[in-house]
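Side-chain atoms are counted along with the backbone in the values below, which use heavy atoms only and exclude waters and symmetry mates. So you know, we letter chains A, B, ... as the sequences are listed, proteins then strands, and number each from 1. Keep in mind it's a predicted model, so treat the numbers as computed, not measured.
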2 protein chains.
Amino acid sequence: MVRAARDPEERIRERNMRLIIKAGIEIFARKGFDGTRIAEIAEASGLPKANVYYYFSSKEEIYTAIIAHLLASWDDALKYIAPEREPAEAFKLYIKAKLEYTRKNMAESRLFASEIIQGARFLSRKDREHIRQVTDAHVAVVEGWIAAGKMLPVDPRHLFIMLWASTQFYSDFEPVAVDALKKPRLKADDYEKAATTITETILRGILRQP
Amino acid sequence: MVRAARDPEERIRERNMRLIIKAGIEIFARKGFDGTRIAEIAEASGLPKANVYYYFSSKEEIYTAIIAHLLASWDDALKYIAPEREPAEAFKLYIKAKLEYTRKNMAESRLFASEIIQGARFLSRKDREHIRQVTDAHVAVVEGWIAAGKMLPVDPRHLFIMLWASTQFYSDFEPVAVDALKKPRLKADDYEKAATTITETILRGILRQP
DNA sequence: TTGAAAGTTGACACTTTGGTCAGCTTTTGT
DNA sequence: ACAAAAGCTGACCAAAGTGTCAACTTTCAA
């Protein structure tokens with residue numbers, strides 16, 4: 001027999017890999033690549049260490065699988081910066097979507113931040129090229145709006161950095177946000193208040209005054 | 001003899017501790033607490049590992065010494081949010097100072113970010129209380145400006161988060177900033193461009209229109 | 001000059017870690 | 001029913017890690 005005797009939905013393999021990835025996201029996010037112990041991932045996923053190694057042949061393989069999984073899930077969230085939209089509407093939706101994503105996927109968000117702070121060692125050339133292209137597309141749209149007189153001439157690249165930074169902050173640096181906002185922990189309505197403050201401030205900052 | 005036979009400026013001790021701290025900042029910033037190996041700090045500081053342990057009795061002791069050293073050096077930088085100033089001037093100087101500090105102290109900046117992402121495990125209650133008080137003072141000043149009609153009623157806490165996030169980003173997430181700005185690396189004038197974009201956008205966002 | 005404190009360090013002890021493996025059990029197409 | 005593929009895992013290893021220590025050298029106040 002040539003083909004494997006597998007496949008009714010790949011149940012076991014799929015499930016276990018998902019458990020490992022899920023546990024890995026949490027732990028890599030908190031400890032970074034070098035700080036993470038595979039035994040800890042094994043324990044958190046409820047599998048023996050040797051079983052983890054049955055699915056992944058090294059720590060790096062788990063890590064890069066997670067990074068890939070993570071980048072893939074990002075593109076969906078952020079398709080609001082489109083030329084046919086009005087800037088006010090587009091930025092409002094963009095800010096809201098980013099804050100929502102970052103709130104619901106804190107660990108992923110932190111893992112990415114951690115990877116970058118640690119020097120982006122495991123972001124492939126392809127990954128970085130992809131990020132650059134998405135940025136370029138967004139920048140082009142904003143430049144179009146500026147040319148059309150719908151926006152003040154704000155440098156689009158620095159503008160996007162402001163947006164990314166402001167939205168990521170609440171999840172990546174939650175302990176600081178908690179102290180700054182004097183809340184015991186951040187809840188949905190703190191993110192909503194963040195969305196309105198950021199949106200209102202940025203929109204006044206980039207739109208022509210009526 | 002009761003007192004030690006030491007002290008003409010504490011030369012050796014001071015110098016070696018400084019070397020260890022300096023090396024530690026770089027490495028802890030890149031690897032996080034758990035990911036950092038003392039042997040690496042020893043090598044980077046040019047001292048044998050056993051000599052590092054002569055000055056610090058554990059990894060944690062080095063790390064907390066660095067955190068303390070770092071928080072102390074922060075208060076200086078940011079005294080521009082003061083009631084007697086006009087908001088426009090104050091925020092402009094604040095943004096400039098923060099970007100300058102973060103550019104000239106990248107490793108410290110990253111180390112702090114790393115510590116927060118990893119859950120602020122080694123920030124003492126006192127450290128966090130201190131951060132909270134500095135924030136409260138700044139918030140009070142902004143509330144004063146709002147009450148005096150010098151500013152639009154923007155939530156001050158979320159406003160400061162926007163400022164921190166936007167300024168920190170360039171150093172903490174430099175690889176992403178580099179890709180977004182399409183530069184091979186960030187130089188002084190990229191930080192200046194950042195300062196003007198952030199300042200202009202934020203000021204339009206928070207000031208009454210003329 | 002001298003001796004006590006400070007500083008230095010190679011070698012060591014002990015623990016944790018990433019990763020392997022041989023042999024076991026379970027699943028599944030036929 | 002059954003064999004082959006898939007899945008599982010306790011036990012193990014070499015390497016790397018933290019922290020210790022005894023013996024050595026350097027420094028410096030008296």
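When the P atom of C:dT15 is taken as reference, atom CD1 of B:Ile38 falls 18 Å away, rounded to whole Å. Summarising the geometry, the separation between CD1 on B:Ile41 and P on D:dG19 is reported as 11 Å, rounded to the nearest angstrom. Atom P of nucleotide D:dA16 and atom CZ of B:Arg37 are separated by 12 Å, given to the nearest angstrom. Put simply, CD on A:Glu14 is 11 Å from P on D:dG7, counting in whole angstrom units. Atom pair B:Asp34:CG and C:dT17:C1' shows a separation of 13 Å (rounding to whole Å applied). Whole-Å rounding puts the A:Tyr53 OH to D:dC13 P distance at 17 Å. Between the CZ atom of A:Arg18 and the P atom of D:dG7 there is a distance of 15 Å, given to the nearest Å. What separates CE of B:Met17 from P of C:dG7 is a distance of 10 Å, to the nearest Å.
For B:Arg13, a side-chain nitrogen or oxygen approaches OP1 or OP2 of C:dG7 to under 4.0 Å. Between A:Arg11 and D:dG7 there is no side-chain polar atom (N or O) within less than 4.0 angstrom of OP1 or OP2.
Under the 4.5 Å side-chain criterion, counting only non-hydrogen atoms from C-beta, B:Tyr94 is in contact with B:Phe160. Looking at heavy atoms from C-beta onward, A:Ile62 lies in side-chain contact with A:Ile38 at the 4.5 angstrom threshold. Residues A:Leu181 and A:Lys193 have side chains not in contact (no heavy-atom distance under 4.5 Å, counting atoms from C-beta outward).
Inter-axis angle, ends of the helix from C:dT1-D:dA30 to C:dT30-D:dA1, five pairs per end, rounded to 10 degrees: 20°.
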Considering only nitrogen or oxygen atoms on both sides, find all protein atoms under 3.5 Å from nucleotides 8-12 of chain C and state each distance.
residue: C:dT8; atom: OP1; partner: B:Asn16; partner atom: ND2; Å: 3.4
residue: C:dT8; atom: OP2; partner: B:Asn16; partner atom: ND2; Å: 2.9
residue: C:dT8; atom: OP2; partner: B:Asn51; partner atom: OD1; Å: 3.2
residue: C:dT8; atom: OP2; partner: B:Asn51; partner atom: ND2; Å: 3.2
residue: C:dT8; atom: OP2; partner: B:Tyr55; partner atom: OH; Å: 3.0

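Side-chain atoms of A:Tyr101 and A:Glu108 include no donor-acceptor pair closer than 3.5 Å. A:Ser109 and A:Thr102 share a side-chain donor-acceptor pair at under 3.5 Å.
Shortest non-hydrogen contact noted between A:Asp172 and B:Phe173 is OD2-CZ, 4.3 Å.
In this structure, the ring of B:Tyr170 has its center less than 6.0 angstrom from the ring center of A:His158.
Of the candidates A:Arg103, A:Arg185, A:Arg110, A:Arg30, A:Glu174 forms a salt bridge (Lys or Arg N to Asp or Glu O under 4.0 Å) with just one, namely A:Arg110.
Relative orientation of the A:Phe33 and A:Tyr63 rings is perpendicular, given thresholds of 30° and 60° on the angle between their planes.
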